[in-house]
Chemist: 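My structure is below; once you've seen it, I'll send some questions.
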Amino acid sequence: GPLEEMSLPLFFGWFLLSSVQDKVRCTSMDFLKTLDTLEAFKKHLSDFTGKAEKEVDLEQYFQAKGTLHCTTKFCDYGKAPGAKPYAQNTAVKELYGSAFELSLSALFVTPRTVGARVSLTEEQLLLWPADPEEEAGSTSLPRGSRAHITLGCAEHVEPVQTGLDLLEILTLQQEGQQGEPIEEMELGSLTYYGEGRWLLTLREPICTPACFSSFYG
Ligand code: ACK
C-alpha cells in the first residue's frame, strides 16, 4: 500500500548545516563570477551558448536546487535497485543522524551543471552504496568518485546530471588527459577539459559539517 511505499526515502545523504550552506553557495557564486570574466572562458563561450558571440551570465545560467547535500543512495522511495539492502545496512542504521565533516576538494562547471567534488574518508565510504559509479558506466574509477554536491543546474537539467558530469571529468583524467591548465586563481588551479568542462582544484579543501540523514520530499 501507499504507506509501505513511503517507508524508504527519496534518497540518503549528508546534509550541510544551513549556516555553512550559505558559505558554500557564496564560494560557488564567486567562482562563477570570476570564471565568467576570464578570457579563456570567453574563448570557449560557445560551449555554453551554442553561439560564439552571445554572452552568458553564469550566475543566472544555473539554478539552485534545494538544500545542499551529498547524495549517498538514491532510493526513489524503494523503487531504485538496491534501495532496501542499503537502508538495512548496519553502517547506515548506526550512523543515521550523526554528524560528519565533508571535505570539498574541487569545484566543477559544465554547460549542464555546477558542483563540488566531495572527497570521502574511509569512514564515510562505509555509507557509500555498492556501485553508483558502475551504474553510471564508469567501471574503473575508485569507489566514492561520484560523491558531489549539486550547486546548480542549467534550465531543463536534472540534478542527477551533476555526478555524471563529475565522473566524466575524472574519467578523462584517468585516461591520462591532463586538460589545459588555465590559471592559478585565489581558490586554486583552474583546468579546462574541453566541451565546456572546467575544474577548479581547491588549494585548501573546504571542510563543512554535515548530517547523515534522508530526504522524503
Ligand atoms: O544532486 P543530487 O546528487 O542528484 O541529488 C539529487 C537527489 O538524488 C534527489 O533527486 C539524486 N539523484 C536523482 N536520481 C538519481 C539516480 N538515478 N542516481 C543517483 N542519484 C540520483 C539527485
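Indexing begins at 1, ligand by ligand and atom by atom, following the structure's order. Counting from 1, the numbers follow the sequence of the chain as shown.
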Chemist: Does ligand 1 have any N/O atom under 3.5 Å from a protein N/O, and what are those pairs and their distances?
Modeler:
unit_1, atom_1, unit_2, atom_2, d
ligand 1, 1 (O), Thr150, OG1, 2.4
ligand 1, 3 (O), Thr71, OG1, 2.8
ligand 1, 3 (O), His148, NE2, 3.0
ligand 1, 4 (O), Pro159, O, 3.3
ligand 1, 4 (O), Val160, N, 3.4
ligand 1, 5 (O), His69, NE2, 2.8
ligand 1, 5 (O), Thr71, OG1, 3.1

Chemist: Check whether Thr71 reaches the backbone of Phe74 with its side chain - one donor and one acceptor, N or O, closer than 3.5 Å.
Modeler: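 Checking the backbone N and O of Phe74 against the side chain of Thr71, no donor-acceptor pair under 3.5 Å is found.
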Chemist: Crowded around Glu184 CD? As in, over 12 foreign heavy atoms under 6.0 Å?
Modeler: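 Above 12, so yes.
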Chemist: Charged N to carboxylate O under 4.0 angstrom, Arg197 versus Glu168?
Modeler: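 Salt bridge flag = yes for Glu168 with Arg197.
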Chemist: Give me the ring orientation class for Phe41 and Phe48: parallel if the planes are under 30° apart, tilted from 30 to 60°, perpendicular past 60°.
Modeler: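 Rings of Phe41 and Phe48: tilted, 30 to 60°.
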Chemist: Passes side chain to side chain contact (heavy atoms under 4.5 Å, CB included), Leu190 versus Leu199? Steps please.
Modeler: CA-CA 6 Å; Leu190 181 68; Leu199 181 75; over 6 Å; no
Chemist: Is the distance between the ring centroids of His69 and Phe11 under 6.0 Å?
Modeler: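 Here the rings of His69 and Phe11 have centres that are less than 6.0 Å from each other.
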